[in-house]
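Here's the structure we're looking at; comments come further down.
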Number of protein chains: 2
Amino acid sequence: MTTLKDVARASGVSVMTVSNVINGVPRVGAATRERVLRAIDDLGYEVNLTARRLRSGTSGTVALVVPRADHPYFGELAAAFTTALRATGRHLVIEQSGASKEGELTALSQARLQMYDGVLLSAVGLQYADVDRLQPDLPLVLLGEKPMPPQFDQIQLGNVEGARLATAHLLARGARSVALFGGTAAPSDGGMQDQRTQGWRAAHEAVGRTADDRLLILDPGDLEMAPSRKTIRDAVSNGLELDAVFAITDQSAIGVIAGLRDLGLRVPQDVQVIGFDNLEIGEHVWPELTTIDPSNDWLVAQAVRLLERRMRGDHGEAEHLVTPVSLVERGSTR
Amino acid sequence: MTTLKDVARASGVSVMTVSNVINGVPRVGAATRERVLRAIDDLGYEVNLTARRLRSGTSGTVALVVPRADHPYFGELAAAFTTALRATGRHLVIEQSGASKEGELTALSQARLQMYDGVLLSAVGLQYADVDRLQPDLPLVLLGEKPMPPQFDQIQLGNVEGARLATAHLLARGARSVALFGGTAAPSDGGMQDQRTQGWRAAHEAVGRTADDRLLILDPGDLEMAPSRKTIRDAVSNGLELDAVFAITDQSAIGVIAGLRDLGLRVPQDVQVIGFDNLEIGEHVWPELTTIDPSNDWLVAQAVRLLERRMRGDHGEAEHLVTPVSLVERGSTR
DNA sequence: ACGGCGTGGTGTATCGATAAACACACCGTA
DNA sequence: TACGGTGTGTTTATCGATACACCACGCCGT
C-alpha cells in the first residue's frame, strides 16, 4: 500500500505538504501542487481512512441497531438509511440485537468500541432506566417505540393514532368483531405493541363501544409470517368469531390473510384485514393490503437530520417527534 | 474516553503491561494482572478498535457490494451475511453500486480505502477485464452471475439449471406458450439474465421444441414489482398469447401475478407462473408461488468460508462453486 | 542596513495500541 | 565468584495522517 511518505519521497516534498495538497490547504504553491498531484496519480495513492480516523477521533460510520435485520420492515429501513447516509459520506453498519436488552446493551457498548460517530437505536428490550444511564453526549437517535429519557432525540411512529385509524376504518366498513392480531393483554413496557393495542381500544371507545379482549390475539413469535398464519388458523378453528382483523404489522397481516385463506375464508368478504407499515409488497399481494403508512421516508430523513446535528457537536435541546400516519385503502377491506 | 494510558497510570504500570493483560499475553505476574484488571473495571476502559486496526492493518469489517439494498433478495442476503459474519466477530457494511460498472469500481476502491478485510461482490456491471485488473491478493469472493477471472473465488447460483428446471416444470404441466419474463434477447454479458434465458431455451429443446422469441419479455426496469406488473399487463393487452410465465425473479413474479390478476386472468388456471429465488414471502402470497430454491444459505456459508480462508492469508487455488437448485412446487403452477 | 511581513514549506508531536528489543532482579550451578 | 537462564516489566519504534509551531526567503519601507 502506498502512503503519504511514498508520495512525499516521489515528489521531493515533505509528507505534510502532500497532506496539505490532499486536503486542499491553500498554503501550497501551484507548481508543487502539480508535482504532488502527479505523484499521487502515478502511485495510485489513496488515503488510509483508518489512520485519518484515529487522528480525528471519528469513524465515518453510523450503526443501526435493530432487533432482526431480516424482517422486511427493518430491511426497508436499513436500505433507506444506507442511501440517506451516503449523501453525507457516511456508512451504515447494521447490528442485530435479537430484541433483547442484553443484545441492545452489547450493541451500544460495541458502538463505543467501534467509535461509531452515531447510533440509530430501535429499542425494544431496553427500558427507560437503561437508556437513562447512557452517556448523554453519544449522538444517539432513538427510533424507540416507547417513552424514553428526554435527553435523547427520539422519533416515534404514530402508533396510537395509526392503530386508531386502522380500527376505525374497519368499524366504519361495518365490522362488528375487530380482532387485534399481535397485541398485548396488559400494557407492559409501553412499547409498539402496547401503543397499537391502545389505539385499537380507543377506536372502539370513539364510537361508543368497548374492545372485546377475547378478540385480542397475542404475538405468536416475532410477528413473522409463518407463525402468524398458524396462530390465526388455530384461533378461528377453535371457535373465535371475527369479521375483521387489525394485524399489528404488514408482515403478520400477510400471514393472517394466508391463514384465513387456509380456512376457506374470503378476504375481505368474510373477514376484512388491515396491516401497519405500508411495505412495498403489500401493494402487490392479493388481496392488495389495506394498511397504515407510517411515513418511513420522513422518519429516515428526520433521524439523519437529528443525528447529523449531534455529530456536529450540537448539544441543544433534544427533539421528540412522532411521524404522521395515513390510511392506505386497498382491497383487503371493503 | 479512557485509554490504555489512563489505565496504566491508575494501576502504576506501563501501557505495554496493560496491553499485555488485555491480550492475554502470559508474561504478566498474577498480582499485577489483578491490579490492572481492577483498574480497567473501575475506569470502564474499552479498547479503541480504530487504533488497533491502524496498528494491525485490518479492519474487522467485510463489505457486501450489491446493486440495490432494498430488493428483497439482497435484503435477505445481507441479513444472512450479517449473521454469518457475526460468528467470526466481523461486521458487514453494505455498499450499493446501483448496478453500474462505475458504482462497482467505486465500491471496490472504497474497499481499499476503508481497509475492508474482505469484499463480497455481487457483480452486475463489471466485466471480465475489469475484475481481471484487480489486485489478486484482495480477499474477494465474487457472487458473480457471469464468468469471471479464475484467480478469484466465485460462487454462482445454478442459474441455467434452475431456469431449465422451472421451464421444464411448466412444460410438464401442460403449458404450450411459456413466456420468459425479464430475459435478454441476445446473450450479452453472460450475466444472470442471460443464463436464465439460456435455461429457458434449453428446457424447450430438451422436449423437442423451440422457445418462441415473441414470448421473451424484456426486463422492464430492475425487475421491480410495479414495473413488472405494468409490463405484463401491457404485453397481454397488446395481444401476446401465453399460458405460462417463467419470471426471472420472485420479485418480478409477484408483479406478474398482480398484473395478470388486473386483467382478470386466473393463476394457475389460465396462466401458470413460476419464479426464482425462493423468497420467504412467496410462501404466503396467493396463489402461493412456485419457485426455484437457489440454496441461499449454502451460498452464504460457502462465501464466508472462502472469504475467511483468504483473510487468513491463504493463497491457494481459487474455488468456483455453483449452488445446487431445486424446484419448490406451490400453487401458482398446476 | 535593518526590522517587518507575507508566502511557501518543513520538523515534531500526537491520536491509541502493540511488536520487538531491552533491563533487571533472582536463582542455581560450576 | 562468575555465569547463564528465567520470570516480569519497561522502553522504543511504528502503523498513516494531521495540527501546530517554526523556519527560510524575498521584498518592502524607512
Side-chain angles (χ1 to χ4, degrees), chain A residues 1-40 43-61 89 109-117 313, chain B residues 1-40 43-61 89 109-117 313:
Chain A
M1 196 201 314
T2 64
T3 75
L4 274 192
K5 210 146 88 182
D6 302 324
V7 178
R9 197 167 24 234
S11 46
V13 296
S14 72
V15 284
M16 209 42 233
T17 299
V18 180
S19 171
N20 285 334
V21 169
I22 289 169
N23 295 293
V25 177
R27 11 186 336 157
V28 184
T32 315
R33 160 167 288 120
E34 250 341 284
R35 209 145 32 93
V36 170
L37 285 177
R38 184 155 39 249
I40 288 178
L43 300 176
Y45 168 81
E46 302 189 48
V47 287
N48 180 326
L49 282 189
T50 303
R52 180 178 280 175
R53 285 170 182 177
L54 174 59
R55 192 70 242 268
S56 69
T58 68
S59 71
T61 329
S109 129
Q110 278 272 333
R112 296 216 307 289
L113 250 169
Q114 307 278 350
M115 297 184 64
Y116 290 133
D117 291 344
Chain B
M1 194 201 317
T2 64
T3 73
L4 275 191
K5 208 145 91 183
D6 302 323
V7 178
R9 195 166 26 233
S11 46
V13 296
S14 71
V15 284
M16 206 48 230
T17 299
V18 181
S19 170
N20 284 334
V21 168
I22 290 169
N23 296 293
V25 177
R27 8 185 338 161
V28 183
T32 314
R33 157 167 290 121
E34 249 342 284
R35 209 144 33 91
V36 169
L37 285 177
R38 182 154 41 250
I40 287 178
L43 300 176
Y45 168 81
E46 302 192 47
V47 287
N48 179 324
L49 282 190
T50 303
R52 180 179 278 176
R53 285 171 182 178
L54 174 59
R55 190 73 241 267
S56 68
T58 67
S59 70
T61 46
S109 127
Q110 279 271 334
R112 297 216 305 288
L113 252 168
Q114 306 278 353
M115 295 186 66
Y116 291 133
D117 292 344

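Hydrogens, waters and symmetry mates play no part in the numbers below; they use all other heavy atoms, side chains included.
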Can you name the atoms? Protein N/O to nucleotides 10-13 of chain D N/O, anything below 3.5 Å, with the distance.
from   : atom 1 : to      : atom 2 : distance (Å)
D/dT10 : OP2    : B/Ser14 : N      : 2.9
D/dT10 : OP2    : B/Ser14 : OG     : 2.9
D/dT10 : OP2    : B/Thr17 : OG1    : 2.8

To the nearest Å, how far apart are [X] [atom1] and [N] [atom2]?
| X | N | atom1 | atom2 | result |
| --- | --- | --- | --- | --- |
| A/Lys5 | C/dG11 | NZ | P | 13 Å |
| A/Ile40 | D/dG16 | CD1 | P | 16 Å |
| B/Leu49 | C/dC15 | CG | P | 18 Å |
| A/Ile22 | D/dA19 | CD1 | P | 12 Å |
| B/Leu54 | C/dT18 | CG | C1' | 11 Å |
| B/Met1 | C/dC15 | CE | P | 11 Å |
| A/Leu4 | D/dT14 | CG | P | 17 Å |
| B/Asn48 | C/dC15 | CG | P | 12 Å |

Atom of [X], atom of [Y] and distance for their closest heavy-atom approach:
| X | Y | answer |
| --- | --- | --- |
| A/Leu54 | B/Ala51 | CD1-CB, 3.7 Å |
| A/Val18 | A/Val7 | CG1-CG1, 3.7 Å |
| B/Gly60 | B/Asp117 | N-OD2, 2.7 Å |

Any side-chain N or O of B/Asn23 under 4.0 Å from OP1/OP2 of C/dA17?
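Result: no.
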
Any B/Ser19 side-chain nitrogen or oxygen under 4.0 Å from OP1 or OP2 of C/dT18:
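Indeed, a polar side-chain atom of B/Ser19 lies that close.
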
Of the nucleotides D/dA17, C/dT18, C/dG16, which has the atom closest to the B/Arg52 side chain?
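Nearest nucleotide to the side chain: C/dT18.
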
Could you tell me if the side chain of [Y] sits less than 4.5 Å from the side chain of [X], heavy atoms only?
| X | Y | result |
| --- | --- | --- |
| A/Leu49 | A/Val47 | yes |
| A/Arg35 | A/Val21 | no |
| B/Ile22 | B/Leu4 | yes |
| B/Asn48 | B/Thr3 | no |

Reading DNA chain D from 5' onward, which residue's closest nucleotide shows up sooner: A/Ala51 or B/Val28?
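Mapping each residue to its closest nucleotide by heavy atoms, the 5'-most match is B/Val28.
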
Among B/Val13, B/Val28, B/Thr17, B/Asn20, exactly one meets side-chain contact (heavy atoms from CB on, under 4.5 Å) together with B/Arg33. Which residue is that?
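Exactly one candidate clears the test, B/Val28.
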
Over all strands shown, is A/Ser56 touching base, sugar-phosphate only, or nothing at heavy-atom distances under 4.0 angstrom?
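Since no nucleic acid heavy atom lies under 4.0 Å of A/Ser56, the category is nothing.
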
Any chance you could measure B/Glu46, atom CD, to B/Thr2, atom OG1, to the nearest 0.5 Å?
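Taking CD in B/Glu46 and OG1 in B/Thr2, the distance rounds to 8.0 Å.
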
Pairs counted only when both distances fall under 3.5 Å, Watson-Crick or G-U: show me the 5' to 3' dot-bracket for DNA chain C, [ ] for pseudoknotted crossings and | for other-strand partners.
||||||||||||||||||||||||||||||

